[in-house]
Amino acid sequence: MKITEKITWVGKTDWELKKFHGDEFTTVNGSSYNSYLIRDKKTVLIDTAWLPYDKEFVSNLKKEIDLNKIDAVIALHGEIDHSGALTELMREMPENTPIYCTANGVKSIKGQYHKDWNFQIVKTGDKLELGESTLTFIEAPMLHWPDTMFAYMDKENVLFSSDGFGQHLASEFLYADEVDQDVLYAEALKYYANILAPFGMIATKKINDILAMNLPINMICPSHGLIWRKDPTQIVTKYLEWANNYQENQITIIYDTMWNDTRKMAEAIARGIQNKDKEVTVKILNTAKNDKTDVLTEVFKSKMILVGSPTVNNGYLHSIAGILEMIKGMKLKNKKAAAFGSYGWSGEAVKQITEYLKTSGFDVVNEGIRCMWTPDKDMEKELEEFGKGLV
Ligand code: FEO
């Protein structure tokens, strides 16, 4: 599909993708692996597609262009969802076709495919003359791999932003302004929260560096999802907001439960919060039943989280252990937290969760609340007061 006279989208829309990064990230709306063919005096291909689609990708590309006419491949990022078709592609292209990437890109691509292709290492500011247009490379390490870079094409004024500004969203359309904006932004936020959140400070600096270059930007072409065409920097503004210790007026209660006692605690605490503050959004999520990607997105949006588990075998339940590990990896700042949980005898879980939250960078507001056995009326009142106190 043509984007401009010189740029054609030659990617793969993956309608059936439901899990990404193994089973870590749910992609309920599918995704796309965006690849872009630029035809100027030189012809270059930006990125490929995920490995299972390698033959399909190359076969489709051959319908678009004689592979011998491609002067260079640009690998903005070595992750397999974008480099997966390289082996198949290079098998059919002249073996000395240059692959432009960062020094870390060579490491990640070689590390995965074990090939000595003709790598051409580029750094920020390096240029590739295409004819009428020029591509300028901008390293973007840790957004989200060390090898990531962006590329800016002048004259067309297009920023190829790799995973940045992307969404896992399969669509029959190419452009962000053509799809449901709520779905678009929900997926963009989910992507940011689950993949880029740990690198907020790096994202802010890189975005400000690019803004300082005063480049005219007509389009932002990410490597997943829709292309930002109408007011393209709207997503840049959103990223700056998300990267700045983002929070909404939301308290998220996450818990797991065996015989519903910790669930009853969660709901009583929620009642207390809601009775005290009608404005605050309270979300209650059972980590064993809810999608973990959505749980992390809700945590990202929150000003405070509460984490609850009963004590089992002197510890806490595995879904809580898993989600705590994922939350820790998000490296969130400026968020408050507290723990709660039921127990029958030893009751260590609340203290352990509290400690975990502290080491994960949360401002833990109290030592948490425990309930021995099932909450009775008095305990429910105490839990409601606990919720009010949090407000
Ligand atoms: Fe979409 Fe980090 O690869």
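What you are looking at is a predicted structure, and each value in this text was computed from that prediction instead of being measured. The first residue in the sequence is number 1, and the count goes up from there. Atoms within each ligand, like the ligands themselves, are counted from 1 in listed order.
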- Message: Suppose we only allow N, O or S atoms; which atom of Asp81 ends up nearest to atom 1 (Fe) of ligand 1?
- Response: OD2

- Message: Between His77 and atom 2 (Fe) of ligand 1, is there a contact where an N/O/S atom of the residue lies under 2.8 Å from the metal?
- Response: yes

- Message: Tell me whether the count of non-hydrogen atoms from other residues, nucleotides or ligands lying under 6.0 Å of CD in Glu5 goes above 12.
- Response: no

- Item | Crowding at CH2, Trp15 (>12 non-hydrogen neighbours, <6.0 Å) | yes

- To the nearest 10 degrees, could you say what angle atom 1 (Fe) of ligand 1 makes with NE2 of His224 and OD1 of Asp163? 90°

- Query: Does the side chain to side chain contact (heavy atoms under 4.5 Å, CB included) test come out yes or no for Met153 and Tyr36, once each step is laid out?
  - Reply: CA-CA 12 Å; Met153 184 179 178; Tyr36 303 97; over 6 Å; no

- Restricting to N, O or S atoms of Glu79, which is nearest to atom 2 (Fe) of ligand 1? OE1

- Message: Looking at Glu279, I want to see if its CD is surrounded by more than 12 non-hydrogen atoms of other residues, nucleotides or ligands under 6.0 Å.
- Response: no

